Enquirer: 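There's a structure below that I have some questions on.
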Amino acid sequence: MISTSSRIGAAVAAAVSVVALTVVLAPPASAATPLRDLAAAKGRYFGNAMTAGDFNDAGYRSLSAREAGVVTPGNEMKWDATEPNRGTFAFARGDQVVAGAVAAGQKVRGHTLVWHNQTPTWASNLSATELRSAMVNHITTVMGHYKGKVFAWDVVNEAFAENGTRRQSFWQQKLGDGFIADAFRAARAADPTAKLYYNDYNTDGVGAKSDGVYNMVKAFKQQGVPIDGVGLQAHLVVGQVPSTMQQNIQRLADLGVDVAVTELDIRMKTPSDSSKLAQQAQDYTKVVNACLAVTRCVGITTWGLSDNHSWIPGVFPGEGAALPFDNNLQPKPAYNAMSAAFGTGGPTTTTTTTTDPQPTGCTAAYRVTGQWQGGFQAEVEVSAGSTPVTGWTVTWSFVNGQSVSSSWNAVVTTSGGAVSARNADHNGSIAAGSSTTFGFVGTSGSTNSAPSPTCRAA
Ligand code: G2I
């Protein structure tokens, strides 16, 4: 972990010096390759939230058009905007955001259909029966209107409490646990081509609340409830990116859903200074790397793009400076860090795959996904052959003095250089022809050969 910081520290030092140069030489900000292109080269998108009001700021609008490949309307598709009175729908402001996005070659993420905030009192005052039918009608009409124009929807937003139980919103109190599944079913029927997401905050790392979401998604997959993705809002604080963010993204992906970082911002006490901005740059790097490390993490959206288009100062007095561009639309160290992470991050190519000369029931492929001074991260894909596996153990020997510091999705034991990784409770069963993945962070010297693992089914 310390070595992770020092690697990133070096990257940030480099990024900071680029900023210093920018100030001296004042090249146009557009000299950099836009984040949307860097992300696309990694098979991801970069996006930002835009409100209809943001269109009045031409400079901001063109900054978004240059940097973002995806736009999320900040408020314009919420219930109070789209159905202010029962059965009366208003799409002008949402349409404005869509039209602006289309003009800039951007795709649109829809936000949000069922939420306890920004929902008119006429809805929250309905009886249970009426509320259920109003919910289905709302989803059907709004998604119907935007069919073909919105590629993914936050169907239900923020329905969990911090302890991992359901939030006691009017939805929950009137309709009970089933309202989320009902909303997803209505959404699938309304637009079968849109990706359907559950979206929440404080669910970015592993913890009680994200456990609640994880268990719901797992149950939905088992029950056939149509869910395609989980949105991690990632409203974060400088220096406090959860160390388990990648692990959390991975475990959700392992359930068979996409994951998106949907509302990223990393706030600090204002005013900012160079050390807070450097820390923030490291934090943005961590988020981008966590996403790039998991194939099913499809993209990152920031909630706003520059510090003068942010909800933070209005809600957290004394805090702000949370976004990659400053009040003057100039790139901050966080922007350069994201640019570097999207440009260079992601899996490296070192891969070894075992063959299975004498059938052991499974094979394992070991891949180094990140390497820095003193440490590395690796991922092992465990695959079943033509018969299902009900438990597995992968073993290998490190020959360059490497060691495992922390792991996920497997129970790892070590003895000298010998490593044994047994399935965790949730991933012992692998269907024929399928695979599962576990990973770890380790220490290493400058030589870090990828070992050849052996897999044995239970
Ligand atoms: O609160 C930050 C975000 C948390 N996750 C869900 C997001 O939908 C949420 O976005 C924010 C918007 O960025 C704000 O712009 O949601 C807030 C409301 O929950 C939005 O603020 C509201 C103000 O509170 C209202 O006074 C204002 O009328 O924006 C409204 C429209 O400008």
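Note that ligands are numbered from 1 as they come in the structure, with each ligand's atoms numbered from 1 the same way. None of these values were measured; they are calculated from a predicted model.
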Enquirer: Tell me: protein heavy atom nearest atom 7 (C) of ligand 1, and distance?
Expert: His111 NE2, 3.4 Å
Enquirer: Aromatic rings His426 and Tyr214: how do their planes relate, parallel, tilted or perpendicular, breaks at 30° and 60°?
Expert: perpendicular
Enquirer: Which residue owns the protein heavy atom closest to atom 11 (C) of ligand 1, what's the atom, and how far is it?
Expert: Lys78 NZ, 3.7 Å
Enquirer: Nearest to atom 12 (C) of ligand 1 by heavy atom, Thr51, Asn199, Asn75: which?
Expert: Asn75
Enquirer: If you scan the protein for heavy atoms around atom 15 (O) of ligand 1, do you find one that is closer than 4.0 Å?
Expert: yes
Enquirer: Once the angle between the rings of Trp153 and Tyr146 is folded into 0 to 90°, is it parallel (under 30°), tilted (30 to 60°) or perpendicular (over 60°)?
Expert: tilted
Enquirer: Could you find the nearest protein heavy atom to atom 3 (C) of ligand 1 and give me its residue, atom name and distance?
Expert: Glu263 OE1, 3.4 Å
Enquirer: Are any of the N/O atoms in Gln233 less than 3.5 Å from those in ligand 1?
Expert: yes
Enquirer: Select one of side chain, backbone, both or neither to describe which atoms of Trp115 lie under 4.0 Å from any atom of ligand 1, heavy atoms only.
Expert: side chain
Enquirer: Determine, counting only non-hydrogen atoms of the protein, whether one lies under 4.0 angstrom from atom 27 (C) of ligand 1.
Expert: no
Enquirer: Please report the interatomic distance CG(Asn289) to CD(Gln246), rounded to the nearest 0.5 Å.
Expert: 8.5 Å
Enquirer: Look up atom CG in Asn48 and atom CG in Asp54, then write down how far apart they are to the nearest 0.5 Å.
Expert: 8.0 Å
Enquirer: Should the ring pair His111 and Trp115 be called parallel, tilted or perpendicular, given that the plane angle runs from 0 to 90° and is split at 30 and 60?
Expert: tilted
Enquirer: Applying the side chain to side chain donor-acceptor pair (under 3.5 Å) criterion to Thr262, which one of Asp154, Thr72, Asn199 satisfies it?
Expert: Asn199
Enquirer: Using the six-membered ring wherever Trp is involved, compare the ring planes of Phe179 and Trp171 and label them parallel, tilted or perpendicular (cut-offs 30° and 60°).
Expert: parallel
Enquirer: Check Thr112 against ligand 1 and report side chain, backbone, both or neither, counting heavy atoms closer than 4.0 Å.
Expert: neither
Enquirer: What residue and atom, counting heavy atoms only, is the protein's closest point to atom 19 (O) of ligand 1, and at what distance?
Expert: Gln118 OE1, 3.2 Å
Enquirer: I'd like to check atom 23 (C) of ligand 1 in this structure: does the protein have a heavy atom lying under 4.0 Å from it?
Expert: no
Enquirer: Is there a polar contact, in the sense of an N or O pair closer than 3.5 Å, between Glu158 and ligand 1?
Expert: yes
Enquirer: Once the angle between the rings of His309 and Tyr60 is folded into 0 to 90°, is it parallel (under 30°), tilted (30 to 60°) or perpendicular (over 60°)?
Expert: parallel
Enquirer: Could you list which atoms of ligand 1 come closer than 4.0 Å to a heavy atom of Asn157?
Expert: 6 (C)
Enquirer: Could you list which atoms of ligand 1 come closer than 4.0 Å to a heavy atom of Trp303?
Expert: 3 (C), 7 (C), 8 (O), 9 (C), 10 (O), 11 (C), 12 (C), 13 (O)
Enquirer: Between Tyr198 and Phe184, is the gap from one ring center to the other below 6.0 Å?
Expert: no
